[in-house]
Amino acid sequence: MRKPSVPKGTRDFLPGTMRKRNYIFGVIRDVFERYGYQPIETPATEHLDTLTGKYGEEGDRLIFKILSRGDKLRKAIAAGSDSALSEEALRYDLTVPFARFTVQHQNDLTFPFRRYQIQPVWRADRPQKGRYREFYQCDADVVGTGSLRCEAEFVRIFDEVFTALGIPVDIRINNRKLLSAVASSVGAPERMTELVTAMDKLDKLPLERVKDELRQKEFSEEALTALERILASAARGDAASGVPDALAELLGEFPEGKKGLEELQYIFSKTDKPGLATARLRFDLSLARGLNYYTGAIFEVVPRTDAQVGSICGGGRYDDLTGIFGMPDMSGVGISFGADRIYDLLEAVGGFPEKETEGTTVLFVNFGEAEGDYCAERVHALRAEGIKAELYPDAVKMKKQMKYADDLNIAFTVLAGEDEIRRSVLKVKQMKTGVQEEIPEAELGKYIKNI
RNA sequence: GUGGGUGUAGCUCAGUCAGGUUAGAGCGCCAGGUUGUGGCCCUGGAGGCCGUGGGUUCGAGUCCCAUCACUCACCCCA
């Protein structure tokens with residue numbers, strides 16, 4: 001028999017891992033809830049045409065398509081293999097399904113509608129370190145308002161979540177309108193996408209390499225010089241809280257540039273009072289974001305650590321995402337947390353709090369039928385007090401039961417044999433220190449809670 | 001989509017270059033040393049179609065071909 005295994009790019013999660021994952025999901029969910037977002041779920045699969053064309057050429061290729069089943073598959077194979085694809089595909093992200101959802105249920109929703117959604121998504125990518133074919137996204141979006149207060153609020157959500165998780169982050173912000181102005185000012189207004197994907201590489205590649213790439217795409221030398229001037233004026237540094245004046249001057253003369261600048265400055269001003277707890281908001285002109293539906297603000301969150309995990313969140317405003325599903329003029333803005341990368345990051349820096357990630361607190365050793373009955377009652381009492389407790393199911397050798405407690409990292413074991421039961425006491429052992437004490441049976445819960 | 005790497009015990013890996021008895025180690029697992037005490041230590045044990053198929057050879061974990069799987073990097077992205 002073949003060794004059991006899971007498909008490429010997917011993973012099983014063992015209990016220890018699940019506790020840590022649930023901790024992350026819990027922190028994010030708490031913040032979403034506190035900001036008034038409502039939970040929804042959508043199916044794993046969507047109609048293929050719901051997804052195609054929404055993520056750009058590259059994205060379309062990475063959509064996980066599904067084969068036909070049964071008769072259709074048999075017929076398709078007989079006819080020619082390519083048509084064996086069905087009209088369904090696994091969802092690629094949570095934003096497009098949400099757009100579909102919004103249009104479909106528009107009469108049942110009250111706008112502006114704030115929703116959050118924590119579910120897996122799938123990409124037919126070649127997996128590599130920190131990248132999987134199946135992974136979770138935690139999205140929050142609000143549709144039905146163009147108010148920039150939403151953008152400012154998302155900045156606060158980033159701040160709250162990462163403050164709670166203990167990860168210092170930079171929230172990078174940019175605006176697609178500004179990027180459009182960049183394209184105009186280099187004399188290639190219709191080629192924003194190409195320009196922007198090249199600029200996005202600036203934090204990895206030196207300027208010259210990026211210019212070479214643009215030359216290959218037949219951008220003129222004048223365009224490159226103009227671009228270089230813009231980049232120089234946008235250089236980060238002292239302009240910690242806003243857009244550099246020099247850049248504002250260069251791009252302000254274009255209508256979309258002016259608009260983009262105003263939007264950015266508004267968002268900066270609304271995250272001022274009160275200020276952010278631990279996150280820093282940073283303008284970054286080279287931030288582009290691959291998804292081509294963004295139209296206004298765009299976000300990306302990167303940890304302020306050495307760990308090479310890349311961005312752990314993304315987001316932005318899309319003025320007309322629902323338009324393609326037949327519901328025009330519905331502006332939305334949203335963000336997405338990459339739970340798997342946050343996990344890897346917390347693991348790397350040892351950032352998981354012990355208390356949030358432990359299982360059973362108390363194990364009762366099983367000495368036999370009568371003693372077991374007695375312990376079962378004590379277990380019941382502890383559970384009623386909110387303490388995680390269990391009785392070992394079999395009266396097997398004590399060594400085995402103690403080892404079980406040790407393996408599962410259970411903090412306390414309770415020994416109650418004939419003698420203890422007669423005297424109404426429990427022998428409690430702290431596994432970490434080995435200290436063992438006799439406790440009156442009624443005080444066990446109190447004893448556990450006090451340590 | 002492009003390029004590299006690796007498949008040997010539950011896990012991590014040696015053995016492959018130079019083919020030759022019964023394929024090894026560490027960790028883990030099981031049992032015992034210890035009949036009411038986990039970790040540390042000691043003793044013993046179980047566990048392998050050497051990814052799969054074919055070929056070369058007297059003989060293949062080792063060489064050749066094919067195939068599958070996993071993995072890393074690029075592109076792109078969370």
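Chain letters run A, B, ... following the sequence lines, proteins first, then strands; residues in each count from 1. Any value given below was found using the heavy atoms of this structure, including those in side chains, with hydrogens, waters and symmetry copies removed.
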Can you tell me how far [atom1] in [N] sits from the matching atom in [M], rounded to whole Å?
{"N": "B/rC13", "M": "B/rU71", "atom1": "P", "answer": "13 Å"}
{"N": "B/rC70", "M": "B/rU8", "atom1": "P", "answer": "14 Å"}
{"N": "B/rA23", "M": "B/rA69", "atom1": "C1'", "answer": "23 Å"}

Show me, range against range, the stems involving RNA chain B, built from at least 3 consecutive Watson-Crick or G-U pairs below 3.5 Å.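 Detected stem regions: B:1-7 with B:68-74, B:10-13 with B:24-27, B:29-33 with B:41-45, B:51-55 with B:63-67.
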Can you check whether any acceptor in the base of [N] is under 3.5 Å from a donor in the side chain of [X], or vice versa?
{"X": "A/E420", "N": "B/rG36", "value": "yes"}
{"X": "A/K403", "N": "B/rG39", "value": "no"}
{"X": "A/R126", "N": "B/rC76", "value": "no"}
{"X": "A/K429", "N": "B/rU37", "value": "yes"}

Taking the minimum atom-to-atom distance to the side chain of [X], which one of [options] wins?
{"X": "A/F367", "options": "B/rC77, B/rA31, B/rG36", "answer": "B/rG36"}
{"X": "A/K400", "options": "B/rC30, B/rA78, B/rG36", "answer": "B/rC30"}
{"X": "A/K397", "options": "B/rA78, B/rA31, B/rA73", "answer": "B/rA31"}

Check whether any side-chain N or O of A/D394 sits under 3.5 Å from a backbone N or O of A/V396 as a donor-acceptor pair, and report yes or no.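 Between the backbone of A/V396 and the side chain of A/D394 there is no qualifying donor-acceptor contact (under 3.5 Å).
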Without swapping roles, check the side chain of A/K20 against the backbone of A/M18 for a donor-acceptor pair under 3.5 Å.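 Not at all, since once roles are kept as given, no pair shorter than 3.5 Å links the two residues.
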Can you tell me how far [atom2] of [N] sits from [atom1] of [X], to the nearest Å?
{"X": "A/K8", "N": "B/rG51", "atom1": "NZ", "atom2": "C1'", "result": "15 Å"}
{"X": "A/I312", "N": "B/rC77", "atom1": "CD1", "atom2": "P", "result": "18 Å"}
{"X": "A/Y404", "N": "B/rG36", "atom1": "OH", "atom2": "P", "result": "20 Å"}
{"X": "A/Q430", "N": "B/rU37", "atom1": "CD", "atom2": "P", "result": "19 Å"}

With a 4.0 Å limit, can you tell me whether A/Q128 has a side-chain N or O closer than that to the phosphate oxygens OP1/OP2 of B/rC74? yes
Touch class at under 4.0 angstrom, heavy-atom based, for [X] against every strand present:
{"X": "A/G59", "answer": "nothing"}
{"X": "A/G417", "answer": "base"}
{"X": "A/P120", "answer": "nothing"}

On RNA chain B, compare the nucleotides closest to A/C313 and A/G9; which residue's is nearer the 5' end? A/G9
A/F135 over B/rA78, stacked by centroid distance under 5.5 Å, angle under 30°: yes
